[in-house]
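Excluded from the calculations below are hydrogen atoms, water molecules and symmetry mates; all remaining heavy atoms, backbone and side chain alike, are included. Per chain, numbering begins at 1; letters A, B, ... match sequence-line order.
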Amino acid sequence: MLDIQQLRNDLDGVAARLAQRGFALDTAAFAALEHERKALQTRTQDLQAERNAKSKAIGQAKSRGEDVAPIMASVANLGDELKAAEQSLAALQDKLNDMLLHIPNLPHESVPVGKDESGNVELLRWGTPRAFDFEVKDHVDIGTPLGLDFETGAKLSGARFTVLKGQIAKLHRALAQFMIDTQTEVHGYTEVYTPYIVNPEVLFGTGQLPKFADDMFRVERGGEDGQTQYLISTSEISLTNTVRDSVLKADELPIRLTAHSPCFRSEAGSYGRDTRGLIRQHQFDKVEMVQIVAPEQSYQALDQMRGHAEAILQKLELPYRVVTLCTGDMGFGATKTYDLEVWLPAQNTYREISSVSNCEAFQARRMQTRVKNEAGKNELVHTLNGSGLAVGRTLVAVLENYQNADGTVTIPQVLRPYMGGVDKLA
RNA sequence: GGAGAAGUGGCCGAGUGGUCGAAGGCACUCCCCUGCUAAGGGAGCAUACGGGCAUAAACCUGUAUCGAGGGUUCGAAUCCCUCCUUCUCCGCCA
């Protein structure tokens, strides 16, 4: 959520920056709502002040034993007027708030301006794609004989669900273990196990609601009528919200959290895209990194976090490139995002495997997460998140990049301790 | 699932209808005194939002907030209803 003060002070400037990311801010509607709000709020507060003053006077008069009937009479018809004013003010503020909740974050000034994915800027490439002396297969063809089972997945749960069996299931687990061990032991993150089902207000905090409800899985509790809850679409949600509604001490920052969790996405808007294989699933595992930092440190943290994600690919010796997303391709809450794209030989291209973003105070404002700074003032923290990495897509990359002509797959060195010393999937 | 108790500022804790945004204590900040690793005196010390205000800070002023949401009342931390959370006992369970 943007700072409403900023919109009040510089509406056109904000609108211009939002336009860079393809969001048309209805400035006239905002200005009209604000104008009305100001008048209504002033009036409501005046009425409240009058009521308070008179009520106080009644109390004082009573304690002196005076007759309170005259004051009581003067306050008689205040009630209805005040109630009406309070109600319309509340309705108006709901409207304003709802508008605010639907506005995406402002892009950072260093972000390239562009319309869509074609405007992204490549920052660097690491590693050299391997030259194959045989015809490369994609991960579906390599993996199916080794335990990748799309048919059974579909039988149980429909399209975009997959069963992993045997050595492939173990490799998947090994990847997750390796990732979370690296993030905790080498990069200093605290491992967290979180709920996978969360309350709606948590999703408002990180920005999935109200705008992206269609991307989520909703759940209802059996046996009783309860509040609707949601399956997390990333553990960024649960990790970031661990600090919601709190004032942190300056020396608690930075907070670095990581979790290995499943992620559930309805993929409502992507029918027909990436239908083959593991690339786009309703359920996939991810090791997520989250940092809660002091505002002045968030861009330094962003670069550092990108390094923490890159380190995983480097240790796995998977070629990748880093792109800076342009204004038009960034997510709703981000001011700046780097995508890590891993080389997939069968597609002969780089595919997203990690996304690292700074949200500045956008989520913190929604979550009411603040830090008491050196001046003793509460200020909103900055939040960052990044994948370190998406486990399913990493499995895809390992299968494809490490495939052999005979249909076996070599296990990357760093994973062998997690695979009981096995060096090959056969 | 059943029975009971409780939720007040950074922390502890008083407060059962009126000058209570809230005693007292702890912690913290500043000043004075003292002169030594301690004590004494004084002051300050919640958050959000609005208005003054034309940008920021400061300041003044108003409003809201005592787990959350409703209600009663001229007036609610206090009374009523619903919900949430925590604790104790019983039951069940991995």
Side-chain angles (χ1 to χ4, degrees), chain A residues 1-14 30-31 33-101 193 195-202 204-205 220-229 241-253 295-296 361 364-381:
Chain A
M1 189 156 70
L2 297 181
D3 184 358
I4 195 166
Q5 302 286 2
Q6 196 178 359
L7 278 115
R8 286 173 186 154
N9 295 335
D10 183 23
L11 187 55
D12 292 334
V14 170
F30 178 83
L33 280 176
E34 251 301 289
H35 182 74
E36 204 184 330
R37 185 227 101 229
K38 198 161 165 173
L40 200 48
Q41 181 163 357
T42 307
R43 197 176 118 65
T44 305
Q45 293 191 347
D46 284 348
L47 288 170
Q48 286 170 329
E50 187 184 344
R51 180 207 57 198
N52 289 348
K54 287 192 169 154
S55 293
K56 200 174 235 183
I58 291 172
Q60 288 169 340
K62 264 194 169 167
S63 70
R64 287 192 301 263
E66 295 169 7
D67 178 20
V68 295
I71 322 183
M72 293 283 267
S74 76
V75 87
N77 48 7
L78 202 62
D80 290 344
E81 204 183 344
L82 177 57
K83 195 167 221 173
E86 280 175 341
Q87 279 172 356
S88 35
L89 178 62
L92 192 63
Q93 267 166 343
D94 280 352
K95 234 189 211 172
L96 253 178
N97 197 40
D98 190 62
M99 187 174 182
L100 231 46
L101 285 171
Y193 172 81
Y196 303 148
I197 296 175
V198 295
N199 294 330
E201 59 268 26
V202 166
F204 276 92
E220 272 165 38
R221 210 176 292 194
E224 52 187 289
D225 293 329
Q227 189 187 38
T228 297
Q229 295 182 304
N241 276 283
T242 56
V243 295
R244 68 178 290 113
D245 292 320
S246 55
V247 180
L248 304 164
K249 297 190 185 87
D251 62 12
E252 291 179 78
L253 301 182
E296 58 276 13
R365 189 172 292 110
R366 289 165 167 243
M367 296 191 300
Q368 280 306 299
T369 304
R370 291 160 296 170
V371 59
K372 203 170 270 298
N373 65 21
E374 282 177 21
K377 294 283 282 181
N378 290 343
E379 66 181 328
L380 295 166
V381 298

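Distance check on atom P: B/C66 versus B/A77 gives 7 Å, rounded to whole Å. With both ends at atom C1', the span from B/G17 to B/C80 equals 13 Å, rounded to whole Å. As rounded to the nearest Å, B/A68 and B/U86 have C1' atoms that lie 15 Å from one another. With both ends at atom C1', the span from B/G40 to B/G7 equals 38 Å, rounded to whole Å. Rounded to whole Å, the P atom of B/U8 lies 6 Å from the corresponding atom of B/G67. As rounded to the nearest Å, B/G9 and B/A5 have P atoms that lie 23 Å from one another. Spacing between B/U82 and B/C87 at atom P, rounded to whole Å, works out to 23 Å. One C1' atom belongs to B/C45, the other to B/A56, and the distance between them is 24 Å to the nearest Å.
Of the candidate nucleotides B/G51, B/A48, B/C74, B/G51 has the atom nearest to the side chain of A/Thr42.
In this view, A/Lys372 and A/Asn378 satisfy the side-chain hydrogen bond (donor to acceptor under 3.5 Å, both in side chains) rule, not counting sequence neighbours. Partners of A/Asp10 under the side-chain contact (heavy atoms from CB on, under 4.5 Å) rule, at least two apart in sequence or in another chain, do not exist in this structure. Residues satisfying the side-chain contact (heavy atoms from CB on, under 4.5 Å) test with A/Ile197, not counting sequence neighbours, are A/Val219, A/Gln229, A/Leu231. A/Glu66 meets the salt bridge (Lys or Arg N to Asp or Glu O under 4.0 Å) test with A/Arg64; sequence neighbours excluded. Scored by the salt bridge (Lys or Arg N to Asp or Glu O under 4.0 Å) test, A/Glu34 finds A/Arg8, A/Arg37 as partners (sequence neighbours excluded). For A/Glu36, there are no side-chain hydrogen bond (donor to acceptor under 3.5 Å, both in side chains) partners at least two apart in sequence or on another chain.
In terms of heavy-atom proximity, A/Met1 sits nearest to A/Arg365 at O-NH1, 2.5 Å. Residues A/Leu40 and A/Thr44 share a closest heavy-atom pair of O-OG1, 2.6 Å. Of all non-hydrogen atoms in A/Val243 and A/Met367, the two that sit nearest each other are CG2-CE, 4.3 Å. Counting all heavy atoms, side chain and backbone alike, A/Leu33 lies closest to A/Lys95 at CD2-CD, 3.8 Å.
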The contact string for nucleotides 54-64 of chain B, one letter per nucleotide 5' to 3', using protein heavy atoms under 4.0 Å with B, S and - for base, sugar-phosphate only and none, comes out as --S-----BSS
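Taking atom CG of residue A/Asp3 and atom P of nucleotide B/C49, one finds them 8 Å apart after rounding to whole Å. Atom pair A/His35:NE2 and B/G51:C1' shows a separation of 15 Å (rounding to whole Å applied). What separates CD of A/Gln368 from P of B/U65 is a distance of 17 Å, to the nearest Å. Whole-Å rounding puts the A/Glu34 CD to B/C49 C1' distance at 12 Å. For the pair A/Asn97 CG and B/C49 P, the computed distance is 13 Å after rounding to whole Å. Atom P of nucleotide B/U65 and atom CD of A/Gln93 are separated by 14 Å, given to the nearest angstrom. A/Leu92 has its CG atom 17 Å from the P atom of B/C49, to the nearest Å. Atom C1' of nucleotide B/C74 and atom CG of A/Asp80 are separated by 13 Å, given to the nearest angstrom.
Among pairs with a residue in residues 53-63 of chain A, those fulfilling salt bridge (charged side-chain N to carboxylate O under 4.0 Å, His left out) read A/Glu50-A/Lys54, at least two apart in sequence or across chains. Contacts classified as side-chain hydrogen bond (donor to acceptor under 3.5 Å, both in side chains) and involving residues 243-253 of chain A (residues at least two apart or in different chains) are given here: A/Asn241-A/Arg244.
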Anything under 3.5 Å between a donor and an acceptor, one on a side chain of residues 80-90 of chain A, the other on a protein residue two or more places apart or in another chain? List them.
residue: A/Glu86; atom: OE2; partner: A/Gln48; partner atom: NE2; Å: 2.9
residue: A/Ser88; atom: OG; partner: A/Ala84; partner atom: O; Å: 2.8
residue: A/Ser88; atom: OG; partner: A/Ala85; partner atom: O; Å: 3.3

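With a 3.5 Å limit on both pairing distances and Watson-Crick or G-U wobble geometry required, the stems of 3 or more pairs in RNA chain B span B:1-7 with B:84-90, B:10-12 with B:24-26, B:28-32 with B:40-44, B:46-52 with B:59-65, B:67-71 with B:79-83.
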Every protein N/O lying under 3.5 Å from an N/O of nucleotides 10-19 of chain B:
residue: B/G18; atom: O6; partner: A/Lys62; partner atom: NZ; Å: 2.7
residue: B/G18; atom: N2; partner: A/Ser55; partner atom: O; Å: 2.8

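Take the nearest nucleotide of RNA chain B for A/Arg37 and for A/Val75: the residue whose nucleotide is more 5' is A/Arg37.
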